[in-house]
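Below is one structure, written out as structure tokens; the observations come after it.
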Amino acid sequence: MAERSTAAVDVADNSGEQPLTAEADQSTADGVAKNREQDTDNDEAQESTGAEGPATTSPPELHSGHKLARRYRLEECVTRLDGFSSWRAVDEKLRRAVGVHVLPADHSRARSVLAAARSSALLGDPRFVQVLDAVEENDLVYVVHEWLPDATELTTLLASGPLEVYDAYQMVSQVSSAMAAAHREGLAHLRLNPNAVLRTSTGQWRIRGLAVNAALRGAGSDTPQRTDTESIGALLYAALTQRWPYENDAYGMSGLPKDIGLIPPDQVRAGVHRGLSELAMRALANDGATASRHESPCTTPEELVKAIGEMPRIRPPEPAFTAPPDYQRTTYQQGSYGRPAASPRVTQPTPVPPPPLQSRTGKALKWAVSALLIAALGLGSWQLADALMDQGGTADDTTNTQTTDGDEKNVPKPERGKPIAISELHDFDPFGQDGSEYPENLPKILDGDPASYWQTSYYESSDFGRLKPGVGVVVDLGKSQDVGKVNVTFIGSTSVELRAAPGDAQSRPTSFDSYDKVAEGAGTSVSLAPKDAVKTRYLLVWLTELPVQADDGRWRGRIADIKVTS
């Protein structure tokens, strides 16, 4: 913790610039192939206003094909500015694409860049683009980080228009939560702008350049938490309106008209969500100017997370219904299947046979059959009456008994295997430091998409690095109900326990001991069926052993789907 805090202070003290969200700046390339070198022109003009001025050291002479540490092969230069360069490269050892920042070892910011990169790497939070290596070698300092080819910058997303309400809500929720976690570890971003926020193909929002981008540019702030909070407010403002909340144009968006000040997003564009509009105003540096409600401003990411939690939850839009195609009769249904088409030529009329049984013989036969039927009915009725008279009251008793048995058979029994709707999901980490485990990703469990998931933090071993006995998800059924089975789908084989709160619990228990184990299992698709009857409102899906995920080689649990049946 001490090392991270020191590194963050070193980065922050390098410059006395004003809050960077008010400037039309651009970030360095950190993993999206859409970055262009011309984006840096505006940065050069801005960096000249910093306290230490532009670095005088020339960038190292590098070219495509150059190898660093006989491992990282440089492929394409995406940024060259102020004595450093950024590249798309290939890690030939692990055969994957990476990003690399390179600057001379005698660069005025080389020490702070190394310190910031190493501190960011120690955080290990998957919501940030991860720093993979930070090295000083052969008069060069270079920082290697993840490259995300499937991610899209917020700048690119906003080029086609504002985000949908749910997407904007997810963005501000995930970014605020991630920055709150970073500040708890003493790390600030200070260059949080639309180029630094990415959305992956699975819908997860990730942040690149934590501490490193600010160190590369010499950016600093006396109030880093306030600076990052204002940046998140600017991101939300832009996502709702497709306008930058300052007078200058930036990131492909127009600024606000001059001399009118900062106006709420719902006054800039019709149809903006009122709650998100007020949230953006509370985060921006406007003293919480929400005239209609006079809410206090949010000055830290933690306060912003709390404000988001107090808002009514914004649910994802319902999937659009596609009408089925019009019904069309097939050739077979029209009666011509397997038969030749009718010939247009005229055919001779076919003689129609006379109706049956119209002759004298036919009429006599009908009368004879009718007489026999009448006789049979009379005989049967006489035999039935005689049998009932012989049995007397016994027939009544038998009838009553049969009726009673029938009624008992018709009594409805409780239906088994009926789906139970899940009201809410809550992350459950009672043995963790902050008691939270990515709550913003919980809706992915219920979205019906097998490719999306909620995941845990990563650990050094399958048993949570021996730091805790497990983590889990609390399933709220809305009311106490009979539970027959819980089916859980994991990404990777996972060991899991099903635990249940007491049936009379009126509120969600927060203590692990309040949940009793009723079933357990392991695998990628686990069916958890309690041996004894369970009636409860709150179920706990408790992960006890984690798999190694193939995409990052780390131990972490991922839940793609949960279904509950009676």
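The structure presented is a predicted model; accordingly, all values stated were derived computationally and were not measured.
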Between [atom1] on residue [X] and [atom2] on residue [Y], distance to nearest 0.5 Å:
X	Y	atom1	atom2	result
Leu304	Glu230	CG	CD	12.0 Å
Phe84	Arg109	CZ	CZ	7.5 Å
Asn195	Leu154	CG	CG	9.0 Å

Run the salt bridge (Lys or Arg N to Asp or Glu O under 4.0 Å) test on Arg127 and Asp125 for me, step by step, so that the C-alpha distance in whole Å, both residues' side-chain angles and the decisive distance to 0.1 Å come before the verdict. CA-CA 5 Å; Arg127 292 171 290 188; Asp125 192 320; 2.8 Å; yes
I'd like to know whether Tyr438 forms a side chain to side chain contact (heavy atoms under 4.5 Å, CB included) with Ser177, so could you lay out the CA-CA distance, the side-chain angles of the two residues, the decisive distance to 0.1 Å, and finally the verdict. CA-CA 8 Å; Tyr438 302 136; Ser177 178; over 6 Å; no
Determine whether Arg274 and Glu278 satisfy the following criterion, salt bridge (Lys or Arg N to Asp or Glu O under 4.0 Å), listing intermediate values before the conclusion. CA-CA 6 Å; Arg274 180 67 179 276; Glu278 293 182 353; 3.1 Å; yes
With no hydrogens and no angle check, is any side-chain donor or acceptor of Ser452 less than 3.5 Å from a backbone partner on Asp449? yes
In terms of ring plane angle, is the pair Phe428 and Trp542 parallel, tilted or perpendicular, where the classes change at 30° and 60°?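 Taking Trp542 first and then Phe428, their aromatic rings stand perpendicular (interplane angle over 60°).
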Any idea how His66 and His63 line up, ring-wise: parallel (<30°), tilted (30 to 60°), or perpendicular (>60°)?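 Rings of His66 and His63: perpendicular, over 60°.
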Residue pair Arg217, Asp82: steps toward the salt bridge (Lys or Arg N to Asp or Glu O under 4.0 Å) verdict: CA-CA 8 Å; Arg217 302 299 181 87; Asp82 201 16; over 6 Å; no
Steps toward side chain to side chain donor-acceptor pair (under 3.5 Å) verdict (Thr227, Ser221): CA-CA 7 Å; Thr227 299; Ser221 172; 2.7 Å; yes
May I have the step-by-step check of side chain to side chain contact (heavy atoms under 4.5 Å, CB included) for Gln170 and Trp205, ending in yes or no? CA-CA 8 Å; Gln170 286 293 309; Trp205 293 90; 4.1 Å; yes
Counterpart residues, salt bridge (charged side-chain N to carboxylate O under 4.0 Å, His left out), relative to Asp133 (two or more places apart):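 Salt bridge (charged side-chain N to carboxylate O under 4.0 Å, His left out) check on Asp133 returns nothing, list empty.
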Tyr142 and side chain to side chain donor-acceptor pair (under 3.5 Å): which partner among Glu136, His101, Glu137?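 Among Glu136, His101, Glu137, the one meeting side chain to side chain donor-acceptor pair (under 3.5 Å) with Tyr142 is Glu137.
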With side chain to side chain donor-acceptor pair (under 3.5 Å) as the test, pick out the partner of Glu146 among Arg96, Arg208, Arg206, Gln130. Arg206
List the steps and the verdict of side chain to side chain donor-acceptor pair (under 3.5 Å) for Thr229 and Gln225. CA-CA 6 Å; Thr229 305; Gln225 293 206 51; 6.0 Å; no
Sequence neighbours left out, what passes side-chain contact (heavy atoms from CB on, under 4.5 Å) with Asp150? Give chain and number order.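 Residues passing side-chain contact (heavy atoms from CB on, under 4.5 Å) with Asp150: Leu148, Thr200, Ser201.
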